[in-house]
Amino acid sequence: MNLESTMQSVVAQYAKILYNVDIEANQIQIQKTKREFEGDITVVVFPFAKLARKAPEVAANEIGEYFLEHNPIVSAFNVIKGFLNLSINTSFWLETLECIHANQSFGHAYIEEDAVTMMIEYSSPNTNKPLHLGHVRNNLLGFSIAEIQKANGWKVVKTNIVNDRGIHICKSMLAWKLFGNGETPASSGMKGDHLVGKYYVVFDKEYKAEIKELMTHDLTEEEAKKKAPLILKAQEMLLAWENNDAEVRQLWETMNGWVYAGFDETYKQMGVDFDKIYYESQTYLTGKSEVERGVAEKVFYQRDDSSVWADLTPDGLDEKLLLRADGTSVYMTQDIGTAKLRYNDFEIKKMVYVVGNEQNYHFQVLSILLDKLGYAWGKDLVHFSYGMVELPEGKMKSREGTVVDADDLMAEMINTARETSMELGKLDNCTPDEIETIARMVGLGALKYFILKVDPRKNMTFNPKESIDFNGNTGPFIQYTHARIKSVLRKATDLGIDYKAEIDKELQISEKEVYLIQLLSEFPAIIKQSGEEFSPALIANYEYELVKEFNQFYHEFSILKEENEALKHFRLVLSESIAKVIKTGMGLLGIEVPERM
RNA sequence: GGUCCUGUAGUUCAAUGGAUAGAACAAGUGUUUCCUAAACACUAGAUCCGGGUUCGAUUCCCGGCGGGACUACCA
């Protein structure tokens with residue numbers, strides 16, 4: 001029970017006593033008092049002043065008086081318009097801090113044995129090219145919301161559906177076969193996914209050349225695209241794949257193997273992982289049988305050309321194709337198949353798909369289809385939809401080669417972090433290993449924080465330079481603050497200061513310190529809200545506010561030099577609690593915080 | 001055309017229907033006997049337009065205008 005909800009029910013109770021007004025506790029608005037006013041928390045009186053037919057000021061004053069008489073944690077109050085500002089007893093805040101300090105897993109809900117399962121799908125790459133900036137946003141969001149839901153008491157299964165079959169991978173395979181000269185990751189020294197991606201580009205280049213050549217022979221562009229020998233060969237290869245042609249399958253497995261090794265490295269570097277990976281090659285047939293079941297149950301219908309459709313016009317949408325006339329499956333069919341496999345593998349109560357907003361329509365449809373097929377979680381599946389990431393230079397376009405590769409980006413961030421730190425002489429006393437660890441934490445922290453602090457729905461601009469700035473609302477700034485607090489605590493330990501003992505409840509502390517404790521006490525509510533709204537940004541912005549507040553405090557007050565032992569002790573406890581909340585909060589964003597930097 | 005998302009300082013981002021719309025970057029001015037100056041303080045600057053609901057609107061509703069995505073027998 002936190003202060004806010006306690007206050008809500010108390011105020012509701014008082015309203016009943018004073019005015020005989022019935023109001024739900026959660027209808028009472030409680031907020032933190034703004035800085036420029038006296039007090040700690042504020043009751044917004046307007047709503048029930050109206051019900052009580054009292055002028056807001058009058059009602060606010062009466063409730064304030066009642067508080068003073070009957071509730072010892074309120075030490076003073078003032079009224080401005082319809083806002084009742086209450087000051088809370090210092091001893092209440094001191095007790096609150098002690099609880100926070102003592103609670104090892106502060107902010108985390110305990111996961112019960114019988115907790116329900118939420119499955120979160122994210123990443124979902126194609127196997128014909130390396131991961132790029134768009135995947136970075138996807139992976140970071142997916143991993144972070146999984147962590148947040150765990151903190152909120154869900155059992156979470158992180159999953160990835162790999163699009164390992166289709167014409168795209170055949171293009172890479174074909175180009176490698178024709179132009180590759182047997183090149184392998186080992187022989188070329190290239191990462192596997194990059195090597196395969198290279199041949200995807202080769203295919204595209206040669207294919208375009210063929211189209212151009214054909215167009216000089218009086219073919220339109222459309223015709224040329226369809227008749228170019230390379231595309232015909234690629235389609236042939238896809239067919240051979242579907243028919244289990246041994247040689248094609250062998251090549252497919254080899255090249256996908258290279259790609260997976262490459263992806264693993266990228267995921268590892270990014271710090272994301274999965275509990276269960278599905279492969280499209282294993283799920284697409286299941287989808288077909290599910291669709292056939294739908295036809296049998298008359299949820300879907302078959303046309304004369306034997307293609308299968310779902311009529312979604314009653315839902316205000318179009319008709320949607322599910323199986324082609326030749327019986328092959330489309331994207332939607334695969335998602336249905338994957339859903340069935342997952343349903344069999346886990347007891348899923350909630351399904352979350354982290355997929356870009358260009359697929360909003362697709363998931364609207366999928367939700368309806370799964371519901372019609374009888375999946376309990378179909379109706380309210382969450383499409384966690386996010387916007388595009390752009391660079392300051394403009395949009396990414398694969399054709400113009402302006403795609404930002406995930407591996408390159410991470411390497412660049414780490415390099416910048418290392419260079420900046422070296423320049424500032426911050427790592428002078430570190431071993432090469434320590435330097436690498438810190439550079440990695442800071443570089444990746446900058447990237448992650450910058451991306452996660454933004455509302456996912458919005459398209460955003462990723463500015464590498466700005467993200468790694470050590471000032472402002474950035475990851476490194478928060479990491480740095482954590483390291484500083486840890487440094488103070490180390491020194492305190494060296495000086496033999498004991499800050500595990502109880503805090504003196506009679507201590508006089510400043511408004512700023514009360515504000516910091518109040519901020520800390522809101523942390524669990526922030527995590528809860530982040531979980532409900534699937535919003536890592538909420539946590540990121542909270543972290544920044546906390547750190548900024550602490551920095552001001554830190555400059556205003558000395559900690560170790562304080563003469564008053566009780567006060568010194570209190571400030572150390574406060575600092576340690578803040579460090580704990582920073583670490584926990586950043587952990588929910590998938591960001592590591594260094595002990596020193 | 002239809003559907004969905006979005007519009008806040010020069011820029012990048014905030015703001016459960018609440019008080020004088022917050023930060024950061026960029027610009028300008030300061031602060032180092034100091035626990036990490038990779039810090040802190042100060043100055044200047046914004047809700048696309050028009051209606052409506054409300055004691056009160058950046059937020060909710062309606063209508064414009066601008067940006068993006070989707071609207072494939074591609075995935």
Side-chain angles (χ1 to χ4, degrees), chain A residues 26 29-31 33-37 42 44-47 49-50 55-56 80-83 85 124 126 128 163 165-169 280 305 307-309 316-318 321-326 328-332 334-335 356-362 364 385-388 390 392 395 420-421 423-426 442 450 453-455 457-463 465-474 476-477 479-481 483-492 495 525 529 533 537-538 540-541 544-545 548 551-562 568 571-572 575 596-597:
Chain A
N26 56 18
Q29 290 183 52
I30 307 280
Q31 52 194 258
T33 303
K34 296 229 173 191
R35 302 307 283 278
E36 52 271 32
F37 301 104
T42 297
V44 183
V45 182
F46 294 105
K50 206 177 169 188
I80 295 166
K81 291 196 263 178
F83 298 95
N85 300 323
S124 308
N126 288 355
N128 60 326
N163 298 310
R165 51 144 237 135
I167 192 74
H168 49 87
I169 180 70
E280 193 194 298
D305 65 358
S307 60
V308 175
W309 295 74
L317 303 171
D318 297 335
L321 177 89
L322 298 172
L323 283 178
R324 295 191 188 100
D326 64 5
T328 54
S329 54
V330 294
Y331 181 37
M332 189 63 75
Q334 291 147 22
D335 265 351
N357 62 11
E358 69 275 8
Q359 294 192 31
N360 284 355
Y361 182 72
H362 174 85
Q364 208 182 336
S385 163
Y386 60 90
M388 296 188 352
E390 290 167 23
K395 274 189 185 176
T420 313
S421 305
E423 256 171 47
L424 291 162
K426 286 290 165 185
V442 173
F450 196 93
K453 75 173 181 182
V454 180
D455 180 343
R457 282 171 305 185
K458 289 184 178 170
N459 287 356
M460 66 171 296
T461 306
F462 175 65
N463 186 334
K465 217 179 209 165
E466 203 177 299
S467 77
I468 210 158
D469 198 327
F470 292 92
N471 293 323
N473 190 355
T474 64
F477 177 50
Q479 291 172 316
Y480 173 59
T481 304
R484 268 158 78 209
I485 295 175
K486 285 297 187 180
S487 163
V488 172
L489 294 173
R490 274 193 301 272
K491 246 168 221 176
L495 293 171
Q529 201 188 342
E533 297 177 19
L538 228 48
N541 286 300
Y544 177 60
E545 193 186 343
K548 191 164 165 52
N551 270 308
Q552 288 169 12
F553 157 79
Y554 182 87
H555 267 261
E556 206 166 300
F557 301 100
S558 60
I559 297 175
L560 296 179
K561 292 207 163 176
E562 178 58 55
K568 188 193 290 182
R571 285 180 178 159
L572 284 168
S575 300
R596 62 183 82 209
M597 67 187 273

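The chains referred to below are lettered A, B, ... by the order of the sequence lines, with proteins before strands, and numbering in each begins at 1. Keep in mind that what you see is a predicted model, and the values were worked out from it rather than measured.
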When you measure only distances, ignoring hydrogens and angles, does the side chain of A/Asp326 come within 3.5 Å of the base of B/rC73 through a donor and an acceptor? no
Just call it for [X]: base, sugar-phosphate, or nothing, with non-hydrogen atoms closer than 4.0 Å on any strand.
X: A/Phe557; answer: base
X: A/Thr481; answer: nothing
X: A/Tyr361; answer: sugar-phosphate
X: A/Tyr544; answer: sugar-phosphate
X: A/Gln364; answer: nothing
X: A/Ala483; answer: base
X: A/Ser558; answer: base
X: A/Asn128; answer: nothing
X: A/Val44; answer: base
X: A/Gln334; answer: sugar-phosphate
X: A/Thr42; answer: base

Salt bridge (Lys or Arg N to Asp or Glu O under 4.0 Å) partners for A/Glu556, two or more places apart: A/Lys512
For the C1' atoms, the ones on B/rA9 and on B/rU47, what distance do you get once it is rounded to whole angstrom? 10 Å
Nucleotide of [options] approaching [X] most closely (side-chain heavy atoms):
X: A/Arg596; options: B/rA69, B/rA75, B/rU36; result: B/rU36
X: A/Met388; options: B/rU36, B/rA69, B/rA38; result: B/rA69
X: A/Asn357; options: B/rU36, B/rA75, B/rA69; result: B/rA69

Does A/Lys50 count as lying over the ring of A/Phe46, i.e. NZ or CZ under 6.0 Å from the six-ring centre, within 45 degrees of the axis? no
Verify stack between A/Phe37 ring and B/rA19 base, 5.5 Å, 30 degrees: yes
Per the 3.5 Å Watson-Crick/G-U criterion and a run length of at least three, the stems involving RNA chain B are B:1-7 with B:65-71, B:10-13 with B:22-25, B:27-31 with B:39-43, B:48-52 with B:60-64
